[in-house]
Asks: 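Pasting in a structure now, in structure tokens, and then I'll have a few things to ask.
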Number of protein chains: 2
Amino acid sequence: MKRGVKNQIVKLLKERPGWHPTARIIYEHLKGKMPGLAFSSVYRALLALSSEKKIRGFTLDSEDEKRYEIYTKSHPHFKCTECGRVYDIDIDINLAFKELVEVHTGHIVKDVHITYFGICNECLRKKVKKIVKDNDV
Amino acid sequence: MKRGVKNQIVKLLKERPGWHPTARIIYEHLKGKMPGLAFSSVYRALLALSSEKKIRGFTLDSEDEKRYEIYTKSHPHFKCTECGRVYDIDIDINLAFKELVEVHTGHIVKDVHITYFGICNECLRKKVKKIVKDNDV
DNA sequence: ATTTGTGCAAATCCTTTGCAGATAA
DNA sequence: TTATCTGCAAAGGATTTGCACAAAT
């Protein structure tokens with residue numbers, strides 16, 4: 001392997017837990033250390049790593065680019081509708097209502113994807129600050 | 001309006017609750033009654049209807065085409081990993097764990113998207129039938 | 001020598017847009 | 001007339017693929 005795109009991607013994702021970059025963002029980050037890196041090589045590496053279950057690709061509703069994260073126990077995500085950031089939610093509610101759904105529908109549930117949308121604590125803080133300032137509280 | 005693509009789409013979606021067609025499938029269905037219908041007209045109508053909140057477009061993880069449904073109270077979906085069908089889950093668990101997530105993270109939750117993946121009751125029935133037959137039970 | 005990884009360009013696939021003509025108000 | 005809707009073709013944007021060459025085994 002010439003420069004090991006796959007290894008670089010895994011390293012990058014491990015270095016920043018809670019970070020959910022798109023292929024393009026990953027490409028931008030790697031291009032620094034790997035001059036001449038091709039976009040398609042990143043895609044190919046992402047495909048390979050996904051099928052090896054080293055990483056997980058996921059699409060958030062209303063987005064058109066896939067995001068990637070290190071493969072771990074599947075967990076919910078939270079997307080801030082103000083700043084766009086995506087957070088991991090580290091609460092184990094993944095098989096939420098599994099039994100209820102199974103009994104109610106007769107289907108068998110094997111996995112659940114949950115995404116919360118709202119305002120993240122950081123944007124919330126900014127909003128509050130602004131209100132306090134504007135109203136001279 | 002020449003032939004009312006928007007009205008046709010709403011009609012089509014209302015006729016079949018639990019049906020989550022993609023733009024292409026909607027186009028195929030309408031083309032019958034509307035010869036000469038352009039693909040782009042369907043897309044434009046879907047965009048308009050979505051922003052009017054008459055319909056809702058959503059993307060399921062690992063799919064690359066948007067699906068559409070009549071706009072109703074947001075609810076979970078179930079996708080069968082065998083046959084690919086997408087079902088509505090009519091159990092009110094949408095703001096599932098809202099408070100828990102808010103307290104735990106400090107974010108404010110405004111909406112939740114939940115998708116279950118597994119084997120639907122119909123595929124399950126077929127599997128069971130096959131097993132019964134193969135084993136001459 | 002054989003397999004695997006990579007860069008580059010071209011091709012796909014889904015979706016959006018520009019524009020001119022048709023329709024409705 | 002004025003605003004809206006349409007069809008058609010072209011453009012966009014993300015992802016995939018073919019191919020020849022480079023690198024590793």
Side-chain angles (χ1 to χ4, degrees), chain A residues 1-13 19-69 71 77 79 84 86 115, chain B residues 1-13 19-69 71 77 79 84 86 115:
Chain A
M1 114 186 45
K2 202 188 282 174
R3 281 169 301 183
V5 184
K6 282 166 67 178
N7 293 327
Q8 292 300 317
I9 291 176
V10 169
K11 192 170 158 237
L12 189 64
L13 290 177
W19 168 233
H20 306 87
T22 62
R24 177 162 297 279
I25 291 174
I26 290 172
Y27 170 67
E28 303 293 354
H29 277 259
L30 294 185
K31 213 172 41 178
K33 328 177 181 181
M34 307 171 74
L37 175 66
F39 212 165
S40 62
S41 300
V42 172
Y43 271 108
R44 250 189 294 244
L46 290 171
L47 275 182
L49 289 169
S50 296
S51 72
E52 295 164 17
K53 292 206 184 297
K54 301 272 178 42
I55 66 175
R56 177 190 295 113
F58 61 97
T59 310
L60 293 190
D61 222 356
S62 82
E63 296 192 339
D64 48 0
E65 284 178 84
K66 254 188 200 142
R67 294 169 176 271
Y68 296 87
E69 64 185 3
Y71 195 92
H77 291 111
K79 171 158 183 170
V86 173
T115 310
Chain B
M1 114 186 44
K2 202 191 281 177
R3 280 170 302 181
V5 184
K6 282 166 67 176
N7 293 328
Q8 292 300 319
I9 290 176
V10 170
K11 193 171 159 233
L12 189 63
L13 289 178
W19 169 232
H20 307 87
T22 62
R24 177 159 297 276
I25 290 174
I26 291 171
Y27 170 68
E28 303 294 353
H29 276 259
L30 294 185
K31 211 171 44 176
K33 328 175 179 179
M34 308 172 76
L37 174 64
F39 211 167
S40 62
S41 300
V42 172
Y43 271 107
R44 247 189 297 243
L46 291 172
L47 276 180
L49 289 169
S50 296
S51 73
E52 294 165 16
K53 292 205 186 293
K54 301 271 178 43
I55 67 176
R56 176 188 295 113
F58 62 97
T59 309
L60 292 190
D61 221 356
S62 81
E63 295 192 339
D64 46 1
E65 284 177 84
K66 254 188 201 146
R67 294 169 176 272
Y68 296 88
E69 63 184 5
Y71 195 91
H77 291 110
K79 171 157 184 174
V86 174
T115 310

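In what follows, every chain begins at residue 1, and chains take the letters A, B, ... in the order their sequences are listed.
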Asks: Report the distance from atom CD1 of Ile25(A) to atom P of dA14(D), rounded to the nearest whole Å.
Replies: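 Those two atoms, CD1 and P, are 11 Å apart.
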Asks: Figure out the CZ/P separation between Phe39(A) and dT17(D), and round it to whole Å.
Replies: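 Rounded to the whole Å, the gap is 16 Å.
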Asks: Measure CD1/Ile26(A) against P/dA14(D) and give the value in whole Å, please.
Replies: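 Going from CD1 in Ile26(A) over to P in dA14(D) covers 14 Å.
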Asks: Whole angstrom is fine here: how far is it from NZ in Lys66(A) over to P in dT15(D)?
Replies: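 So the two atoms are 7 Å apart, to the nearest Å.
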Asks: Side-chain donor-acceptor contacts of residues 40-47 of chain A below 3.5 Å, not counting sequence neighbours, with atom names and distances?
Replies:
none

Asks: Looking only at the side chain of Glu65(B) (C-beta and beyond, no hydrogens), which of the listed nucleotides dT15(C), dT6(D), dT15(D) gets closest?
Replies: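 From the listed options, dT15(C) comes nearest.
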Asks: Round to a whole Å and report the spacing from CZ of Arg24(A) to P of dT16(D).
Replies: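 Checked: the CZ to P distance equals 14 Å.
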Asks: Can you find a pair of side-chain heavy atoms, one from Leu49(A) and one from Ile9(A), that are under 4.5 Å apart?
Replies: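 Answer yes - side chains close enough.
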Asks: Counting the atoms with a prime plus P, OP1 and OP2 as sugar-phosphate, which does Ser40(A) contact under 4.0 Å by heavy atoms, base, sugar-phosphate, or nothing?
Replies: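 Touches a base.
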Asks: I need the CG-C1' distance between Asn7(A) and dG5(C), as an integer number of Å.
Replies: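 Rounded to the whole Å, the gap is 11 Å.
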Asks: Could you list the residues that satisfy side chain to side chain donor-acceptor pair (under 3.5 Å) with Lys54(B), not counting sequence neighbours?
Replies: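 With sequence neighbours excluded, Lys54(B) shows a side chain to side chain donor-acceptor pair (under 3.5 Å) to Glu52(B), given in chain and number order.
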Asks: Minimum heavy-atom separation for Leu13(A) to Glu69(A), with atom names?
Replies: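 Taking Leu13(A) first and Glu69(A) second, the nearest heavy atoms are CD1-C, 4.1 Å.
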Asks: Within residues 41-58 of chain A, find the residues that approach DNA chain D with a heavy atom at under 4.0 Å, and present them sorted by residue number.
Replies: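 Only Tyr43(A), Arg44(A), Leu47(A) qualify.
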Asks: Please give, in whole Å, the distance from dT6(D) P to Gln8(B) CD?
Replies: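 From Gln8(B) CD to dT6(D) P: 10 Å.
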Asks: For Val86(B), what residues pass the side chain to side chain contact (heavy atoms under 4.5 Å, CB included) criterion, not counting sequence neighbours?
Replies: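 Result, side chain to side chain contact (heavy atoms under 4.5 Å, CB included) vs Val86(B): His20(B), Leu60(B), Arg67(B), His77(B), Lys79(B).
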Asks: Can you tell me how far P of dT12(C) sits from CG of Asp64(A), to the nearest Å?
Replies: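 The distance from CG of Asp64(A) to P of dT12(C) comes to 22 Å, rounded to the nearest Å.
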Asks: Can you name the residues that form a side chain to side chain contact (heavy atoms under 4.5 Å, CB included) with Ser50(A), not counting sequence neighbours?
Replies: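 Scan of Ser50(A) (side chain to side chain contact (heavy atoms under 4.5 Å, CB included), adjacent residues dropped) gives Ile55(A), Tyr68(A).
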